[in-house]
Amino acid sequence: MNGIQAHGTSELANTLWREGLERQLDGDLDAAVGLYRASLAVVETAEAWTFLGWCLSFKGELELAVSYCRRAIDIDPQLGNPYNDLGAYLVEMGREDEAETWFIKAKEALRYETRQFPFLNLARLYIGQGRLPQALMELQAAGVLAPEDDRISELVAYVGILVEARLPQAA
C-alpha cells in the first residue's frame, strides 16, 4: 500500500470511529459498536479500540472493555484515554488496587485531550480509601488542568466535609 492509500485508509478509519462516538453519545450503542468494528476492520487504531471498550462497558461487558483498552495501549502507548478507562473499569469491578497504577499511567501519557480525568479518578479512588490529603493533591492538579470543570470544586467541597467530620468536636 502506498502512502496515499494508507492516508486515505486511516482517514476512513478515523471517520468511522468518530461517527461511532457520535452514535454512542446519542445513545445508539449498537450502531456505535458496528461503526467502531468497521473502523477496526479498515485500520486498527487505539482510539477505535478505546471507544469500542467504552461503549461495551455501558453494556456491562467490563472484561471485554479491559481487554480492548490493553489492545489500544499496545497500539499507541502515548494515548491517555485507554489507561484511564482501564482504571475506571477496574474500579467498577472492585479492583481498586490495580486501578491506581493505570490512572497514574494515564497522567503520564503524552496524548490526552481531557487530561484532568485521571486526576479526578485518582481523587475519587483516594476519597473512597480515606486518603484525603492525596485526594486533595489530585484535585489541585485537576483544577490547574481544567479550571472550568465544576466536578473539581464539588469534590474539593466534599473532601472538606469529610475532613471536618473527622475533626474532634469542641465541648
Side-chain angles (χ1 to χ4, degrees), residues 1-126 128 138 141-142 144-152 155:
M1 184 180 306
N2 68 36
I4 293 171
Q5 289 173 319
H7 177 72
T9 303
S10 295
E11 200 171 293
L12 174 60
N14 287 335
T15 299
L16 288 166
W17 74 254
R18 287 179 195 281
E19 177 64 26
L21 179 57
E22 286 181 32
R23 295 287 175 90
Q24 182 176 347
L25 294 174
D26 287 340
D28 190 350
L29 300 183
D30 292 332
V33 166
L35 287 160
Y36 294 139
R37 290 188 192 280
S39 173
L40 290 165
V42 174
V43 171
E44 286 191 67
T45 63
E47 290 85 357
W49 281 116
T50 301
F51 288 117
L52 176 58
W54 187 42
C55 191
L56 293 175
S57 77
F58 284 100
K59 296 175 138 221
E61 298 182 42
L62 295 176
E63 288 290 346
L64 200 51
V66 165
S67 71
Y68 290 168
C69 284
R70 291 181 190 278
R71 181 69 186 124
I73 291 165
D74 287 343
I75 291 171
D76 184 357
Q78 302 308 320
L79 181 64
N81 304 63
Y83 294 103
N84 184 68
D85 291 0
L86 199 157
Y89 306 146
L90 291 172
V91 167
E92 198 170 335
M93 296 164 74
R95 295 162 53 185
E96 289 87 359
D97 290 342
E98 291 176 65
E100 183 176 9
T101 300
W102 295 102
F103 293 141
I104 291 168
K105 288 181 179 190
K107 288 175 18 176
E108 298 167 352
L110 297 179
R111 215 163 54 86
Y112 205 156
E113 288 180 28
T114 50
R115 189 160 291 283
Q116 76 273 21
F117 284 1
F119 293 89
L120 282 166
N121 284 329
L122 266 175
R124 289 184 186 106
L125 182 67
Y126 293 154
E138 297 300 329
V144 169
L145 294 167
E148 73 290 344
D149 192 329
D150 292 336
R151 293 171 291 193
I152 298 164
L155 280 172

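Residues take their numbers from the sequence shown, with the count starting at 1.
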query = Got a donor-acceptor contact below 3.5 angstrom from the R111 side chain to the G80 backbone?
reply = no

query = Going through the checks in order, is the side chain to side chain contact (heavy atoms under 4.5 Å, CB included) test met by L29 and Q24?
reply = CA-CA 5 Å; L29 300 183; Q24 182 176 347; 3.8 Å; yes

message = With rounding to the nearest 0.5 angstrom, report the CG to CG distance, D28 to D30.
response = 6.5 Å

task = Would you give the length of the straight line joining atom CZ of R95 to atom CG of L62, rounded to the nearest 0.5 angstrom?
result = 10.0 Å

query = Any side-chain heavy atom of P77 within less than 4.5 Å of one from Y83?
reply = yes

query = How long is the gap from CD on E148 to CZ on R151, to the nearest 0.5 Å?
reply = 9.5 Å

message = So which atom in G20 and which in A32 form the shortest heavy-atom distance, rounded to 0.1 Å?
response = O-CB, 3.2 Å

request  = Output the distance between atom OG1 (T50) and atom CD1 (I73), rounded to the nearest 0.5 Å.
outcome  = 7.5 Å

ask   = Would you call the rings of Y68 and W49 parallel, tilted or perpendicular if under 30° counts as parallel and over 60° as perpendicular?
value = tilted

inquiry  = Any non-hydrogen side-chain atom of L56 less than 4.5 Å from a side-chain atom of W54?
reply    = no

ask   = How many angstroms lie between atom CG of L40 and atom CG of L16, to the nearest 0.5 angstrom?
value = 9.5 Å

note = Scanning both residues in full, the closest heavy-atom pair of R115 with K107 reads NH1-O, 3.2 Å

ask   = Can you name the nearest heavy-atom pair linking A146 to Q116, along with the distance?
value = CB-CD, 3.6 Å

remark   = Tightest non-hydrogen contact, residues A109 and L79, listed as CB-C, 4.0 Å

message = Can you list everything that forms a salt bridge (Lys or Arg N to Asp or Glu O under 4.0 Å) with E61? Sequence neighbours excluded, please.
response = none

remark   = Between F103 and N84 the two heavy atoms that sit nearest each other are CE2-O, 3.3 Å

task = Any chance you could measure L25, atom CG, to L21, atom CG, to the nearest 0.5 Å?
result = 4.5 Å

message = Quick check: closest heavy atoms across S39 and A48, and the distance to 0.1 Å?
response = OG-CB, 3.7 Å

Salt-bridge present (E19, R23; N to O < 4.0 Å) = yes

request  = Show your reasoning for whether side chain to side chain contact (heavy atoms under 4.5 Å, CB included) applies to T45 and I75.
outcome  = CA-CA 7 Å; T45 63; I75 291 171; 5.7 Å; no

ask   = Any side-chain heavy-atom pair from R71 and E44 closer than 4.5 angstrom?
value = yes

query = Would you say the side chain of R124 lies within less than 4.5 Å of the side chain of V91, judging by non-hydrogen atoms?
reply = no

message = If you define the side chain from C-beta out and look only at heavy atoms, does anything of L122 sit under 4.5 Å from I104?
response = yes

task = Could you note down all residue pairs passing ring pair (Phe, Tyr, Trp, His ring centres under 6.0 Å) where residues 28-48 supplies at least one of them, sequence neighbours left out?
result = none

